[in-house]
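Notes follow the structure.
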Protein chains: 2
Amino acid sequence: MEQDKPKYLQLKEYLIGLIENNELPRGNKIPSENELAEKFHISRHTVRRAISELVNEGVLITSQGKGTFVNNEPKSRQNLIGVITTYIGDYIFPSIIRGIDQVLSENGYSIALGCTNNQFDKERQCLENFMKQDIKGLIVETTKSALPNPNIELYDEFRKRNIPVLFMHGSYKGYSASSIYEDDVEAGYIATKHLIELGHRKIAGIFKIDDIQGHARFEGYCRAHRESGIDINDKRIMWFGTDDMLYKFGKQSGDMVIEFLEDSTSLVCYNEQISIKVIDIIREKGLTIPERLSLVSFDDSELAVASEVKMTTVAHPKEKLGIEAANLMLKMIKEGDGIFKVKMTPELVVRNSTGRVNG
Amino acid sequence: MEQDKPKYLQLKEYLIGLIENNELPRGNKIPSENELAEKFHISRHTVRRAISELVNEGVLITSQGKGTFVNNEPKSRQNLIGVITTYIGDYIFPSIIRGIDQVLSENGYSIALGCTNNQFDKERQCLENFMKQDIKGLIVETTKSALPNPNIELYDEFRKRNIPVLFMHGSYKGYSASSIYEDDVEAGYIATKHLIELGHRKIAGIFKIDDIQGHARFEGYCRAHRESGIDINDKRIMWFGTDDMLYKFGKQSGDMVIEFLEDSTSLVCYNEQISIKVIDIIREKGLTIPERLSLVSFDDSELAVASEVKMTTVAHPKEKLGIEAANLMLKMIKEGDGIFKVKMTPELVVRNSTGRVNG
DNA sequence: AATTATTTGTGCGTATGTATC
DNA sequence: AGATACATACGCACAAATAAT
């Protein structure tokens with residue numbers, strides 16, 4: 001033997017080597033304790049120690065009177081990837097998960113799921129749960145991504161343990177990490193550009209204030225305006241947050257929304273859950289889309305074609321984003337550290353909620 | 001000491017007892033090996049064996065030169081519950097998962113997710129993945145539940161390992177297991193009954209053929225007819241499967257659907273994904289709901305109120321079903337074996353897709 | 001700063017028990 | 001019944017880390 005390593009460790013390595021080189025195939029009997037002791041001129045006690053540790057690690061199985069055997073099913077590898085999403089009612093969530101699951105399950109991984117309901121304390125709970133699981137990677141849809149995050153230290157802890165973390169839909173401000181996201185600035189840009197090309201100049205916008213996606217889409221909205229030399233009027237912008245979302249677009253707020261849209265000929269609307277409600281409000285007032293108001297939405301979910309008015313919308317990559325996220329995660333697991341950024345390009349889907357401006 | 005158990009096992013139990021009774025609080029030093037050996041009149045070797053096993057189990061931590069200590073963070077328990085769903089695009093899926101997650105995360109469990117896309121081979125893959133994970137329980141939304149299942153042996157394997165299995169949305173035919181489900185017969189019944197009470201006698205039905213839910217809703221449909229002495233006409237029943245679903249209700253099939261509905265004044269429609277498409281087809285022909293056709297749907301998802309016609313529908317318990325499923329799972333884990341059946345009652349939500357029959 | 005006692009880690013030898021073939 | 005192989009158990013010696021003197 002070699003070096004000054006403990007003899008029982010040397011024997012362990014020797015046995016593992018034999019198994020890995022297939023000189024001791026699965027299920028085979030290994031030499032008896034006495035044989036090993038004799039061969040390496042060590043005591044049987046020392047042999048037993050090496051074997052007992054390998055048994056504990058699930059590599060070997062001992063059977064009194066029969067012998068010691070190489071375990072057929074190697075250690076049950078954990079192969080879990082943690083996935084944290086925000087508000088699971090997020091209507092594009094199932095597509096994303098499906099994409100992730102598709103890739104991961106093919107590679108022998110499973111998804112461990114947690115949802116935050118877009119609340120920091122729930123996010124923390126998820127992270128702490130996953131910390132106890134032996135996950136191999138973490139994919140996180142950011143919670144209230146436009147705000148500073150109080151759970152950064154936990155994310156650091158994962159990285160300290162060499163567990164790669166991948167953010168979806170934008171990472172936290174000022175926190176450097178791998179991320180995969182739709183190019184939301186571009187999405188906001190092409191949505192607005194489409195309306196401008198149809199002759200619209202009075203373009204209202206509804207955006208989400210506590211998600212970075214809302215900020216980005218707004219930025220695209222602004223860029224399209226600037227590029228075309230159209231001034232942006234603050235009165236045409238409405239912001240909403242996770243908390244007042246239900247209220248602001250409920251039945252009781254119909255008049256407020258109508259008033260907000262009064263002076264505009266078109267609307268860039270944050271997502272289809274909101275768009276559906278806006279369409280309802282407008283229809284109830286006897287107004288029509290796109291004649292009275294052209295509307296561009298985002299995501300291209302089931303809801304985009306659920307209404308009689310089929311929405312013109314900027315399609316979110318959804319399932320494809322999930323697939324790419326999973327592939328990137330596998331790469332990160334393989335290659336170890338490094339910060340990756342993947343940006344996915346959105347596409348405009350023109351249906352019949354938009355038309356040339358009237359008058 | 002006692003009995004004829006191996007001495008090292010007796011010592012292990014003694015130490016575990018001390019820890020559990022808090023006589024050796026977390027982080028404390030336990031007596032040294034020599035002290036224990038002396039106290040119990042056993043050799044130090046035997047003491048070491050007991051301690052080394054406890055170290056391996058994560059109960060103790062040894063430190064050369066310092067001593068042996070009770071581990072502060074007891075073994076990172078796995079606490080994973082496997083959840084298998086069918087086609088994840090199932091539009092009520094997010095709600096169910098949210099319900100499950102809500103309960104499980106509060107109890108320190110995480111969800112391991114897999115989806116089958118309603119295909120048996122994918123279901124098998126999920127089960128095999130979970131077999132390798134050390135899951136504590138399994139909640140399964142049945143795949144093609146009306147057909148015999150080729151993966152029964154795998155479910156048996158879980159039960160052999162004392163991992164409780166809970167089926168959602170009906171268990172497999174002829175397989176006795178715990179299950180939690182909406183009372184779909186009742187759902188079909190109250191949907192049909194509602195139409196009958198509005199004076200309808202010519203009630204068409206669209207049902208899914210390869211899910212047991214489709215069969216059950218159809219059964220309720222039949223019962224309501226029988227009870228009211230109305231004959232069922234086979235020509236008013238349309239069946240569809242997972243595979244021909246997209247085709248049967250796509251644009252190209254509009255005429256076929258219209259022809260199918262020609263002689264009926266109302267429709268009981270399997271779910272809202274289908275209902276939305278039927279509504280579209282009808283609207284394109286210039287017909288109106290509920291004047292020309294009253295429609296009752298199932299599930300009460302986002303889609304039910306997405307269209308201009310707000311659907312009368314039988315509300316699926318969704319989130320509540322998820323919550324109940326998770327609670328039942330926790331109970332099964334605690335109490336061990338036993339077969340539980342939980343039936344949840346659906347409720348009719350009357351909106352404006354149904355009206356009194358004309359003429 | 002060096003010494004010493006304590007505690008765990010490594011290693012050998014031996015004996016007996018028990019399951020399997 | 002006997003040989004073989006693992007399981008339990010005792011005793012001893014020395015190494016290495018730690019803490020207290």
Side-chain angles (χ1 to χ4, degrees), chain A residues 1-19 23-73, chain B residues 1-19 23-73:
Chain A
M1 292 202 172
E2 9 132 12
Q3 305 155 347
D4 50 353
K5 270 193 210 169
K7 295 185 184 175
Y8 75 99
L9 280 183
Q10 292 180 39
L11 179 56
K12 261 181 83 174
E13 280 167 21
Y14 168 77
L15 289 172
I16 288 174
L18 286 187
I19 291 166
E23 293 171 50
L24 278 176
R26 298 265 163 85
N28 270 42
K29 189 166 175 296
I30 71 167
S32 78
E33 293 174 354
N34 284 323
E35 279 168 22
L36 287 170
E38 205 171 332
K39 177 169 182 183
F40 293 105
H41 309 291
I42 55 179
S43 80
R44 188 176 151 226
H45 180 85
T46 305
V47 174
R48 281 183 63 73
R49 165 130 197 213
I51 288 176
S52 88
E53 292 201 359
L54 288 171
V55 166
N56 231 303
E57 290 166 22
V59 179
L60 298 179
I61 291 179
T62 58
S63 176
Q64 192 177 161
K66 290 169 79 175
T68 301
F69 304 84
V70 181
N71 193 348
N72 273 313
E73 2 186 331
Chain B
M1 291 206 173
E2 8 132 11
Q3 306 155 345
D4 49 354
K5 270 194 210 169
K7 293 184 185 174
Y8 75 99
L9 280 183
Q10 291 181 40
L11 179 55
K12 262 182 82 174
E13 280 167 20
Y14 168 78
L15 289 171
I16 287 174
L18 285 187
I19 292 165
E23 293 171 50
L24 277 176
R26 300 264 163 87
N28 271 42
K29 189 168 175 296
I30 70 166
S32 77
E33 293 174 355
N34 284 322
E35 278 169 24
L36 287 170
E38 205 172 334
K39 176 168 184 185
F40 293 106
H41 308 292
I42 55 181
S43 77
R44 184 175 157 228
H45 179 86
T46 305
V47 173
R48 280 183 65 72
R49 166 131 196 211
I51 287 176
S52 88
E53 293 203 357
L54 288 170
V55 167
N56 231 302
E57 290 166 23
V59 180
L60 298 178
I61 291 178
T62 58
S63 176
Q64 192 177 160
K66 289 170 79 174
T68 302
F69 304 84
V70 181
N71 193 349
N72 273 313
E73 4 185 332

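Computed from a predicted structure; not experimentally measured. Every chain is numbered from 1, with letters handed out A, B, ... down the list of sequences.
Contact annotation: the side chain of A:L9 approaches that of A:K12 to within less than 4.5 Å [non-hydrogen atoms, C-beta and beyond]. A heavy-atom distance below 4.5 Å is found between the side chains of A:Y8 and A:E53. Residues B:L18 and B:V70 fail the side-chain proximity criterion, which asks for heavy atoms closer than 4.5 Å. For the pair A:T68 and A:L54, the minimum side-chain heavy-atom distance is 4.5 Å or more. Within the 4.5 Å cutoff, side-chain heavy atoms of A:L60 are placed close to those of A:I19.
Taking a heavy-atom distance under 4.0 Å as the criterion, the stretch of DNA chain D touched by chain B extends 5' to 3' from D:dT8 to D:dA19.
Residues satisfying the side chain to side chain contact (heavy atoms under 4.5 Å, CB included) test with B:E38, not counting sequence neighbours, are none.
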Between protein and nucleotides 6-10 of chain C, what N or O pairs are separated by less than 3.5 Å?
| unit_1 | atom_1 | unit_2 | atom_2 | d |
| --- | --- | --- | --- | --- |
| C:dT7 | O2 | B:G65 | N | 3.4 |
| C:dT8 | OP1 | B:T68 | N | 3.3 |
| C:dT8 | OP1 | B:T68 | OG1 | 3.2 |
| C:dT8 | OP2 | B:E33 | N | 2.9 |
| C:dG9 | OP1 | B:T62 | OG1 | 2.9 |
| C:dG9 | OP2 | B:R48 | NH1 | 3.3 |
| C:dG9 | N7 | B:R44 | NH2 | 2.9 |
| C:dG9 | O6 | B:R44 | NH1 | 3.3 |
| C:dT10 | OP1 | A:Y8 | OH | 2.7 |
| C:dT10 | OP2 | A:Y8 | OH | 3.3 |
| C:dT10 | OP2 | A:R49 | NH1 | 2.6 |
| C:dT10 | OP2 | A:R49 | NH2 | 2.7 |

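Here the NE2 atom belonging to B:H45 is positioned 12.5 Å from the NZ atom belonging to B:K7, to the nearest 0.5 angstrom.
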